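So the structure is just underneath, and the comments pick up after that.
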There are 2 protein chains.
Amino acid sequence: MPALDPTDLWRRPERSVVGPKPGHSRTGIATAALQIADQEGLAAVSIRRVAASVGSGAASLYRYVKSHDELVELMMDTVSSEYHLKPAAGGPQEQLLHLARQGRRLMRRHPWLAPLLLTRPSMGPNSLRYLEAALAALAKVDLPGPAKLQTVAMMTAITSAFVQNEMATTHPTEPEGVASGRGQYLTEALMAGDYPHLAAAMTGHTGEGQPDEQFTSIITNYLTGAGVPS
Amino acid sequence: MPALDPTDLWRRPERSVVGPKPGHSRTGIATAALQIADQEGLAAVSIRRVAASVGSGAASLYRYVKSHDELVELMMDTVSSEYHLKPAAGGPQEQLLHLARQGRRLMRRHPWLAPLLLTRPSMGPNSLRYLEAALAALAKVDLPGPAKLQTVAMMTAITSAFVQNEMATTHPTEPEGVASGRGQYLTEALMAGDYPHLAAAMTGHTGEGQPDEQFTSIITNYLTGAGVPS
DNA sequence: CTTAATTGCGAACGGTGATCGCAATTATCA
DNA sequence: TGATAATTGCGATCACCGTTCGCAATTAAG
């Protein structure tokens with residue numbers, strides 16, 4: 001009997017009890033993949049690329065990870081170990097705000113994370129620890145369970161959106177040739193007089209608040225609206 | 001001189017003035033791609049697949065669309081033509097709420113849209129028309145231009161997150177074998193007693209509100225918090 | 001020492017986005 | 001009415017992708 005092991009990454013033991021000892025490890029593979037993703041984006045994280053970076057053949061990676069999706073899952077949970085989950089001082093709102101700040105920090109450090117968190121929530125131990133911490137902050141709040149879950153989900157979603165907005169506006173991700181391809185139509189349409197309100201909004205003076213304060217107020221506003229007391 | 005045309009999809013004329021008339025059209029290609037995406041997901045929308053669906057060779061598609069990314073851009077803007085942008089009655093908040101509802105409708109109709117809107121905002125004419133309508137609703141609101149832009153962006157982000165949440169919980173996207181692979185660890189960990197707050201939240205009685213009312217209240221709460229008067 | 005399981009991995013399969021070159025088509029100009 | 005120049009359709013091809021298969025090498029248990 002070929003020892004059918006669980007389909008779930010987190011249930012599967014890293015190393016089986018018999019056979020040659022593996023030349024690599026999950027964390028080694030994960031850190032290699034993380035480095036690639038941080039530097040060249042998630043699209044650069046291919047099985048072959050990670051394998052080469054670790055120093056093994058491409059097919060060997062499948063001894064550690066069942067699919068490319070699982071590799072991403074592993075990356076997400078590995079990066080989730082960077083959370084500082086010490087419960088903050090203050091009421092539920094302050095504690096959740098602290099967790100949201102942690103999320104923002106993580107998404108800024110690893111730009112590939114933000115889109116993923118919305119599409120494909122991670123279910124690994126570290127990710128669940130974060131979720132658990134958030135729910136612990138809501139323990140004494142009088143809200144039905146699913147509502148609490150939704151509140152946390154929306155909070156990270158808002159964080160993700162904020163970070164992506166933030167980095168898109170401040171970080172010139174494009175090579176900036178002359179008028180970098182994309183958006184060329186925009187400028188033309190704006191000068192042609194279509195979208196007058198858009199033109200007005202874009203030429204308007206920049207907002208007065210620092211991004212940190214903006215973020216704080218957005219999260220706080222959402223939480224109070226959702227019924228989370230301070 | 002080989003008539004270098006703009007790199008921008010929306011600036012490039014659909015058909016040049018000389019040469020044989022194209023056998024296909026952007027809208028034809030777009031609708032074919034849309035159908036595939038709606039039925040089988042965005043991942044199924046490959047150049048070859050769309051070409052076959054339209055009845056042409058794979059390489060021919062590049063006469064209408066410069067890259068796969070541009071195809072997606074085209075899809076996003078094409079689908080944005082389904083918005084009902086008639087200004088609603090009421091103050092800024094009601095008008096924005098109406099637009100948010102439109103967004104939710106669209107994202108539910110085309111599940112592939114929600115993740116894309118967050119990662120890769122569309123800049124086509126129809127998408128810009130939506131943005132323009134939102135900014136028009138904010139015309140008389142005393143907020144700096146960038147703040148208005150951010151407000152609209154956050155609104156659609158919240159909508160996207162809500163829809164994805166909504167469809168993930170109600171729509172069993174997985175084949176549901178026995179304990180469908182993913183989440184097997186979760187149930188085990190829950191029964192083992194880790195994540196007690198999570199366990200409590202998941203076994204709690206379901207929320208009382210209809211999703212539509214939930215959505216309305218979330219958007220409304222956000223808008224009032226952002227300083228948008230009703 | 002035998003046995004059974006596991007590891008590493010080269011080779012291969014099917015699919016992907018994208019490019020190139022060429023024959024066929026067609027509007028404009030002489 | 002040609003002749004010209006640009007454009008279209010597209011087969012062939014390249015590089016890369018995720019994934020599977022089969023096999024030699026390795027190692028722990030009996």
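Reminder, nothing fancy here: chain letters follow the sequence lines and each chain counts from 1. Predicted, not measured: the structure shown is a model, and the values here were computed from it.
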>> In whole Å, I'd like the distance from the NZ atom of Lys21(B) to the P atom of dA27(C).
In response: 8 Å
>> Using the side-chain heavy atoms of His68(B), tell me which of these nucleotides is nearest: dT19(D), dG9(D), dA18(C).
In response: dA18(C)
>> Between C1' on dG9(D) and CZ on Arg15(B), what's the gap in Å once rounded to a whole number?
In response: 14 Å
>> For a 4.5 angstrom cut-off between non-hydrogen side-chain atoms, does Lys66(A) reach Leu9(A)?
In response: no
> How close or far is atom C1' of dC10(D) from atom CZ of Arg63(B), stated in whole angstroms?
Replying inline: 9 Å
> Just how far, in rounded Å, is P of dT6(C) from CZ of Arg12(A)?
Replying inline: 13 Å
> Picking from dG18(D), dT7(C), dG10(C), which would you name as closest to the side chain of Tyr64(A)?
Replying inline: dT7(C)
> Start at the 5' end of DNA chain D and walk down; is the nucleotide closest to Pro20(B) or to Ser56(B) reached first?
Replying inline: Pro20(B)
> Separation of Leu71(A) atom CG from dG18(D) atom P, in whole Å?
Replying inline: 9 Å
> Which heavy atom in Ala114(B) sits nearest to a heavy atom in Gln164(B), and how many Å separate them?
Replying inline: CB-CG, 3.8 Å
> Counting N and O atoms only, with roles assigned by atom type, does the side chain of Thr119(B) sit under 3.5 Å from a partner on the main chain of Leu116(B), one being a donor and the other an acceptor?
Replying inline: no
>> What is the distance, to the nearest angstrom, from the CG atom on Leu61(A) to the P atom on dC21(D)?
In response: 18 Å
>> Please list, in numerical order, the residues of residues 35-54 of chain B that have a heavy atom closer than 4.0 Å to any atom of DNA chain D.
In response: Arg48(B)
> What integer distance in Å separates Lys66(A):NZ from dT19(D):C1'?
Replying inline: 12 Å
>> Under the salt bridge (Lys or Arg N to Asp or Glu O under 4.0 Å) test against Asp212(B), which residue among Arg108(B), Arg104(B), Arg105(B), Arg101(B) passes?
In response: Arg104(B)
> Considering only dA11(C), dC20(C), dG22(D), which nucleotide approaches the side chain of Ala59(B) most closely?
Replying inline: dC20(C)
>> Does Glu82(A) have more than 12 heavy atoms from other residues, nucleotides or ligands lying within 6.0 Å of its CD?
In response: yes
>> Please classify the nucleic acid contact of Ser60(A) as base, sugar-phosphate, or nothing, using heavy-atom distances under 4.0 Å.
In response: base
> Roughly how far, to the nearest 0.5 Å, is CD of Gln102(B) from OG of Ser80(B)?
Replying inline: 11.5 Å
>> Nearest heavy atom decides the nucleotide; on that basis, is Tyr62(B) or Gly55(A) closer to the 5' end of DNA chain C?
In response: Gly55(A)
> Would you call the rings of Phe215(B) and Phe162(B) parallel, tilted or perpendicular, where under 30° means parallel and over 60° means perpendicular?
Replying inline: tilted
